[in-house]
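Letters A, B, ... are given to chains in the order of the sequence lines, protein chains preceding strands, and every chain is numbered from 1.
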Amino acid sequence: MSATAKSPWIIHYDASSCNGCDIEVLACLTPLYDVERFGIINTGNPKHADIFLVTGSVNERNGSVLQQIYSQMPEPKVVIACGVCACTGGIFRECYNTLGGIDKAIPVDVYAPGCAVRPEAIIDAVVVGLGVLEQKRVSLASGTLEEASLPSRLTAADKMVADQTVRASALAETIG
Amino acid sequence: MTGLSFVFSLVGFGVLAPVIGCLLAGIDRKLTARLQGRVGPPLLQPWYDVRKLIVKQSAQVNSYQAFYVCMSLVLAVLAGAFFFAGGNFLLVVFVLTLSTLFFIIAAYSTRSPYAELGAEREIAQVMSYEPMVILISIAFYFALRTFDTGVVFSLDRPLILSLPLVFVGLLFILTIKLRKSPFDLSYSHHAHQELVKGITTEMSGRTLAMVEVMHWYESILFLGWVGLFLVWGSWFALIPAIIGISAVYFLEVFIDNNFARVKWQSMLKWSWVVTLVCCSLNIVLLYWLG
Ligand code: SF4
């Protein structure tokens with residue numbers, strides 16, 4: 001294992017979480033779970049971080065913030081979606097302003113489901129993320145790492161139209 | 001200090017200080033974890049951190065920040081080399097201050113609000129400990145009639161016996177210099193704080209690695225200052241010196257874990273009070289006892 005995988009520094013961003021998952025992320029940092037065993041430190045600074053933990057779904061306002069933080073992190077970096085809200089939008093998915101999971105705004109490497117996501121699941125996800133981090137380090141060193149292109153259009157209107165089409169076809173199917 | 005001893009000291013300090021400093025940083029993190037009832041990271045964690053930072057993609061805010069940090073590192077190594085070659089203590093102090101100034105300029109050059117606030121706090125830290133450092137040099141001169149640190153190896157009793165209060169003052173500012181709570185205002189090694197990462201906010205990758213390595217050099221240099229008070233002209237002196245330095249380091253880790261960060265006003269006030277009381281009393285005592 002290279003040094004990169006032994007010293008993952010994390011940054012946590014609360015997109016629009018109900019705070020359930022945030023509390024679980026912070027619980028990971030308590031002495032009970034002691035993530036510093038794996039060299040994990042919560043830096044709170046994107047420029048120092050290797051792993052981006054995001055809780056909550058993306059909406060029109062925080063999508064650009066998420067992209068900002070993501071692009072401030074130097075490669076190699078890994079994004080982990082913590083909780084179903086971050087994975088797919090969860091119970092907020094149908095909201096008028098919600099775009100869905102955070103993968104609507106930035107590329108996600110590991111999905112950690114759960115409502116709220118358990119600290120064990122988060123630690124597992126980070127450990128899985130270390131493998132991805134290691135791969136990215138190797139491709140960065142060989143110059144084959146491609147910069148992810150971030151979607152520039154972040155509006156919930158598209159999702160509503162898409163959702164309505166799905167609903168309409170489902171309705172049509174039921175009625176026959 | 002001869003030219004040859006300087007070269008020896010430069011090579012010795014340049015190579016050994018980061019090794020010992022890195023181990024000390026590892027012990028610090030391990031101890032901290034144990035004090036909090038955790039297992040803690042591996043002993044070599046600081047080394048993994050720095051190696052990781054070196055291979056990270058370089059993302060610089062401007063082209064000169066890395067240069068300033070590099071100058072700061074070089075000057076810290078030079079200061080250490082002067083000190084361990086038995087050179088002039090005042091020279092060590094001034095070179096070290098210059099190193100800190102470069103570090104502050106590096107943070108200011110980014111124009112980031114967090115880094116600027118961190119830099120301002122670093123200046124407050126310099127204002128807090130610098131009078132003490134200057135008075136240590138003066139007390140050193142009063143006691144030994146020279147500024148050369150090398151003479152401590154020809155003493156017949158350790159300096160701490162004639163400068164006990166100055167030693168207490170040194171311990172006080174050591175907390176600031178080693179960036180330990182309650183005086184880790186400009187940036188701390190612990191999880192994030194109100195200023196993001198303070199003075200290092202805009203530093204990433206290799207630049208941040210240089211800051212970490214500089215911290216290892218500085219730790220060894222400051223523990224060397226502690227050792228200055230504990231040795232005398234005999235090989236046997238190394239044993240109490242090493243025990244004393246370890247005890248001081250443990251004390252710093254213990255203080256770090258038991259105090260919350262203070263405001264800069266309190267830091268300034270208390271370090272000046274301690275400086276004035278300890279140093280002036282000690283110097284007056286030296287006069288009386290002749
Ligand atoms: S997954 Fe559940 S606990 Fe987590 S943010 Fe969403 S609703 Fe809250």
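- In this structure, K52(B) forms a cation-pi arrangement with W9(A), its terminal cationic atom sitting closer than 6.0 Å to the ring centre and no more than 45° off the ring axis.
- Contact of T200(B) with chain A is made through backbone and side chain together, with heavy-atom distances under 4.5 Å.
- Scanning residues 68-77 of chain A against chain B with a 4.5 Å heavy-atom cutoff picks out P74(A), E75(A), P76(A), ordered by number.
- From F250(B), atom CZ reaches atom CG of D28(B) across 11.0 Å, with rounding to the nearest 0.5 Å.
- Here the closest heavy-atom approach between residue M214(B) and residue S72(B) is recorded as SD-OG, 3.1 Å.
- No salt bridge links R206(B) with E212(B); every basic N to acidic carboxylate O contact stays at or beyond 4.0 Å.
- Scanning all heavy atoms of the two residues, the minimum distance from I199(B) to A107(B) falls at CG1-CB, 3.4 Å.
- Cation-pi contact between K6(A) and Y48(B): present, with separation from the ring centre below 6.0 Å and deviation from the ring axis of at most 45°.
- Options P41(B), G37(B), S204(B) differ in how many heavy-atom pairs under 4.5 Å they form with chain A, and the most are formed by P41(B).
- The nearest pair of heavy atoms linking A27(A) to Y33(A) is O-CD1, 3.2 Å.
- Judged by distance alone, with hydrogens and angles left aside, the side-chain atoms of T100(B) form a donor-acceptor pair with the main-chain N or O of L96(B) at under 3.5 Å.
- Heavy-atom neighbours of chain B within the stretch residues 47-57 of chain A, taken at a separation under 4.5 angstrom, comprise K47(A), H48(A), A49(A), D50(A).
- Smallest separation of non-hydrogen atoms from F84(B) and I220(B): CZ-O, 4.0 Å.
- Looking only at distances, no side-chain donor or acceptor of D34(A) sits under 3.5 Å from a matching main-chain atom of R38(B).
- Using a 4.5 Å cut-off between heavy atoms, R37(A) contacts chain B through both its backbone and its side chain.
- The part of L53(B) that comes within reach of chain A is its side chain, from C-beta onward, which places non-hydrogen atoms under 4.5 angstrom from that chain.
- The ring of F13(B) has its center closer than 6.0 angstrom to the ring center of Y217(B).
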